[in-house]
K.L.:
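If you scroll down you'll find the structure; I have some questions about it.
Note that these values count all heavy atoms, side chains included, but never hydrogens, waters or copies made by symmetry.
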Amino acid sequence: MTRLRKKAFIALFLFTLFIFGTMMGLRTLKPSDGFSDLAPGMGEFVRERGGDHRRPVSNDMVVSPGQSHLASDTKVVFTKSDRDYSIFYDVQIFYYLWYGTPQMDGKYIHWDHVLVPHWDPKIAPSHAKGRHTPPEDIASSFFPELGPYSSRDPSVLESHMSQIEAAAAGVLVLSWYPPGIADNHGEPCEDLVPAVMDAAHRHSIKVAFHIQPYKGRTDLSMHDNIKYIIDNYGNHGAFYRFRSTTGRILPLFYVYDSYLTSPEAWADLLHPAGAHTLRGTPYDGVFLALVVEERHKHEILAGGFDGMYTYFASNGFSFGSSHQNWKAVKAFCDGNNLLFVPSAGPGYVDTAVRPWNNHNTRNRVNGRYYETSLQAALSVRPEIVTITSFNEWHEGTQIEKAVPRKTVSRLYLDYQPHRSDLYLELTRKWAEHFNKEKDKWLM
C-alpha cells in the first residue's frame, strides 16, 4: 500500500510539472501585455524592409486626464467606473475636414456641393443640374445628427473624437491639402490641423495624413509636403508613427490617386538612390499608394512605395475595391515585402452629388453590407484595416451618427430601425474581433 501511494505521488508530481511547463511555454507565445518602451505618440507597427516579416510593437499612449490605461501591442485600454474598453491602432479611419457653415465660415462649404455633370455630353442633359441649398437640402443622401456642421467648430471636433473613440478606431487618417490649397469645391483648411490633433490627443487617438491630389502635385512638391508635415506636426503627441525592427521610427502616409504620377517620378522620391530621395533622411516614412487597377500593383512596387490601400467602399467598383481580389493582392504584397491595407465601408451612395452614378450604389442592408466588407478584409489577415469613412457624407460612406429627416423637397436615408450609433457599434465589434484574431495569428 505504501509503495502504491509513493508511485501515485510521483505520478501526480510529474503530471503537475508537465502542466506547469506547458502553460509557461504557451505563455511565451502570446504578445506582450506590458508597457511599451516607446515614448508617447510612437506607433505600434513593424515593417521590416529587408524581408517579409512584419509584426506590431508596443505602444505606450498618453490618455486624457482621469483615465487610466494599459498598453499592449496594438491598443490602449481605458478604465471607467463601469467597464474597461479599448481603442485599436490597427483600425484606421478616413476623416474629412472640409465642411463649413455661415456661422463659423461665412458661408456653407461642401454642404452646398454642386451636382457634378456626367462627362459624356450626350448623357449629361438627362440628369439634374445646379447645387444644393443648405440647411434643409444638403449634398448627402443621409442627414448628420449634428446637422450641417462646420469643421471649425470645437464642439463638432470634440463630438467627432468621442464617436471615433466609441468606434474603437485608434488612428484618424486626415484628408490633407497643403496650405492655401483646397479641393475644387472647398476652401483651404490646413490651418485646422492643429485643432484636430489637439482634439484627437485628448482621446488618445493618433493622426496620420491622407495626402490628396492637387494641381501641380509632383514628386518634388511631395518632398516639400512631407517635410512640412513632419516639421510642423512631428512633435505633437497625436502624430502617428511606426517603429521598424531596426529601431527606426517612421510616420505613415497615405497617398490618394498616386497613379496620377509616374512610377519613375515616385522612384526619385522613394527609392534609396532616387534623385531627391526621402529614404534615410529625417523625412523618411511608410508610404502607401492607392491601388485601383490591377496594373497599379506593379507600378506601386516600381515606384518604391511601402504598400497599398484600396479606399473605395463600393465592392466591385474597381479592381482594388473588389473583395474577391484582396487575397491575390495580399499575396502579391507579401511576396514583395509590401503592406496591404484593405478598406471596408458601410455602403456607398453618391447620387446626391453624382446623380448619374446609381450603378455604383451599395445599400447598407441594416449593417450587413458593412459586416460583409469587414469580414472580407479580415479574411486576408492584414496588419491594418482602414474604414471608409467617418464623415465622407457626399458618397454616403460615413459611420458618423445620422438621423431621419424629411423636408419639403427631400427624404433622407437613415439607419433605422437601429439607433444613430449603429455603425460606431459595429466598428467596435469588428475592431475587437480583429484584434482577437490577430492574437491567434501571432500564435
K.L.:
T397 and T388: side-chain donor and acceptor closer than 3.5 Å?
P.N.:
no
K.L.:
Is a salt bridge present between E432 and R428, judged by a nitrogen-to-oxygen distance below 4.0 Å?
P.N.:
yes
K.L.:
Any sub-3.5 Å donor-acceptor pair from W111's side-chain atoms to T133's backbone N or O?
P.N.:
no
K.L.:
Would you call L378 and V385 a side-chain contact if the rule is heavy atoms closer than 4.5 Å?
P.N.:
yes
K.L.:
Okay, side chain of R362, backbone of N315: is any donor-acceptor separation there less than 3.5 Å?
P.N.:
yes
K.L.:
Could you check whether any side-chain N or O of T351 sits under 3.5 Å from a backbone N or O of N357, counting only pairs where one atom can act as donor and the other as acceptor?
P.N.:
no
K.L.:
Could you walk me through whether V91 and I387 pass the side-chain contact (heavy atoms from CB on, under 4.5 Å) test, one step at a time?
P.N.:
CA-CA 7 Å; V91 178; I387 306 299; 4.2 Å; yes
K.L.:
Going from OH on Y96 to CH2 on W393, what distance comes out if it is rounded to the nearest 0.5 angstrom?
P.N.:
14.0 Å
K.L.:
Is the shortest side-chain heavy-atom distance between V341 and L288 below 4.5 Å?
P.N.:
yes
K.L.:
If I take atom OG1 from residue T310 and atom NE2 from residue H323, how far apart are they, to the nearest 0.5 angstrom?
P.N.:
7.5 Å
K.L.:
On a heavy-atom basis, which atom in H236 and which in H201 lie closest, and how many Å separate them?
P.N.:
CE1-CB, 4.0 Å
K.L.:
What are the two closest heavy atoms between S221 and Y214, and how far apart are they?
P.N.:
OG-OH, 2.9 Å
K.L.:
State, yes or no, whether a side-chain contact exists between H394 and W98 at a heavy-atom distance under 4.5 Å.
P.N.:
yes
K.L.:
Donor-acceptor pair, distance only, cut-off 3.5 Å: does the side chain of K206 make one with the backbone of G237?
P.N.:
yes
K.L.:
Quick one: do L338 and L301 satisfy side-chain contact (heavy atoms from CB on, under 4.5 Å)? Show the steps, please.
P.N.:
CA-CA 8 Å; L338 297 174; L301 178 63; 4.0 Å; yes
K.L.:
When you check the side-chain N and O atoms of H110 and D183, is any donor under 3.5 Å from an acceptor?
P.N.:
yes
K.L.:
side-chain contact (heavy atoms from CB on, under 4.5 Å) between V156 and S159: does it pass, once the steps are laid out?
P.N.:
CA-CA 5 Å; V156 168; S159 173; 5.7 Å; no
K.L.:
Run the numbers on L424 and I399 for side-chain contact (heavy atoms from CB on, under 4.5 Å), then give the verdict.
P.N.:
CA-CA 6 Å; L424 305 178; I399 68 166; 3.9 Å; yes
K.L.:
Kindly compute the distance separating CD1 (I226) from CG (D231), expressed to the nearest 0.5 Å.
P.N.:
11.0 Å
K.L.:
Give me the one residue out of Y233, Y256, Y240 that meets ring pair (Phe, Tyr, Trp, His ring centres under 6.0 Å) with F209.
P.N.:
Y233
K.L.:
For the residue pair Q92 / T386, report whether a side-chain donor-acceptor contact shorter than 3.5 Å exists.
P.N.:
no
K.L.:
Grab the two heavy atoms, one from L290 and one from I300, that are nearest each other, plus how far apart they are.
P.N.:
O-CD1, 3.9 Å
K.L.:
Would you check if the side chain of S343 reaches a backbone N or O of Y311 as a donor-acceptor pair within less than 3.5 Å?
P.N.:
yes
K.L.:
Nearest 0.5 Å, what's the CG-CG distance between D137 and D112?
P.N.:
10.0 Å
K.L.:
Enter the distance from E294:CD to E299:CD here, rounded to the nearest 0.5 Å.
P.N.:
11.5 Å
K.L.:
Distance-only, no hydrogens or angles: does the S373 side chain make a donor-acceptor pair with backbone N or O of Y369 under 3.5 Å?
P.N.:
no
K.L.:
Are the side chain of K227 and the backbone N or O of Y283 linked by a donor-acceptor pair below 3.5 Å?
P.N.:
no
K.L.:
Would you say the side chain of S175 lies within less than 4.5 Å of the side chain of L97, judging by non-hydrogen atoms?
P.N.:
no
K.L.:
Side chains of W176 and Q212: do they bring a donor and an acceptor to under 3.5 Å?
P.N.:
no
K.L.:
Under a 3.5 Å distance rule, please check whether H118 uses its side chain to pair with a backbone N or O of D120 as donor and acceptor.
P.N.:
yes
K.L.:
With a 4.0 Å cut-off, would you call R419 and D414 a salt bridge?
P.N.:
no
K.L.:
For a 4.5 angstrom cut-off between non-hydrogen side-chain atoms, does S379 reach W326?
P.N.:
no
K.L.:
Does one side chain, of H276 or D219, offer a donor that lies under 3.5 Å from an acceptor on the other?
P.N.:
yes
K.L.:
Salt bridge between K440 and E437, side-chain N to carboxylate O under 4.0 Å?
P.N.:
yes
K.L.:
As a quick check of understanding, evaluate ring pair (Phe, Tyr, Trp, His ring centres under 6.0 Å) for H210 and Y309, giving each step before the final call.
P.N.:
CA-CA 11 Å; H210 193 196; Y309 69 109; 5.6 Å; yes
K.L.:
Please tell me if the side chains of P144 and I138 come closer than 4.5 Å, counting only heavy atoms from C-beta onward.
P.N.:
yes
K.L.:
Are T407 and Y412 linked by a side-chain donor-acceptor pair shorter than 3.5 Å?
P.N.:
no
K.L.:
So does I211 get a backbone contact from the side chain of Y177, meaning a donor-acceptor N/O pair under 3.5 Å?
P.N.:
no
K.L.:
Taking 4.0 angstrom as the limit, do R279 and D284 come out as a salt bridge?
P.N.:
yes
K.L.:
Could you give me the CA-CA distance, side-chain angles and deciding distance for F287 and F253, then say whether ring pair (Phe, Tyr, Trp, His ring centres under 6.0 Å) is met?
P.N.:
CA-CA 5 Å; F287 296 90; F253 296 98; 5.4 Å; yes
K.L.:
In terms of ring plane angle, is the pair H185 and H113 parallel, tilted or perpendicular, where the classes change at 30° and 60°?
P.N.:
tilted
K.L.:
Where do D191 and R152 land on the salt bridge (Lys or Arg N to Asp or Glu O under 4.0 Å) test, with the steps shown first?
P.N.:
CA-CA 10 Å; D191 62 307; R152 293 184 179 276; 2.8 Å; yes
K.L.:
How far apart are the closest heavy atoms of P148 and F143, and which atoms are they?
P.N.:
CD-CZ, 3.8 Å
K.L.:
Anything under 30° is parallel, anything over 60° is perpendicular, the rest tilted; go ahead and classify Y254 against F94.
P.N.:
perpendicular
K.L.:
Are D306 and L339 close enough that some pair of their side-chain heavy atoms sits under 4.5 Å apart?
P.N.:
no
K.L.:
Any side-chain donor-acceptor pair under 3.5 Å between D421 and Y423?
P.N.:
no
K.L.:
Do you see a donor-acceptor pair shorter than 3.5 Å between the side chains of D90 and N435?
P.N.:
yes
K.L.:
Tell me whether E158 contacts the main-chain N or O of H160 through its side chain, where contact means a donor paired with an acceptor under 3.5 Å.
P.N.:
no
K.L.:
Measure the CZ-CE distance between F340 and M308 for me, rounded to the nearest 0.5 Å.
P.N.:
8.0 Å
K.L.:
With Y259, which residues qualify under ring pair (Phe, Tyr, Trp, His ring centres under 6.0 Å), at least two apart?
P.N.:
H296
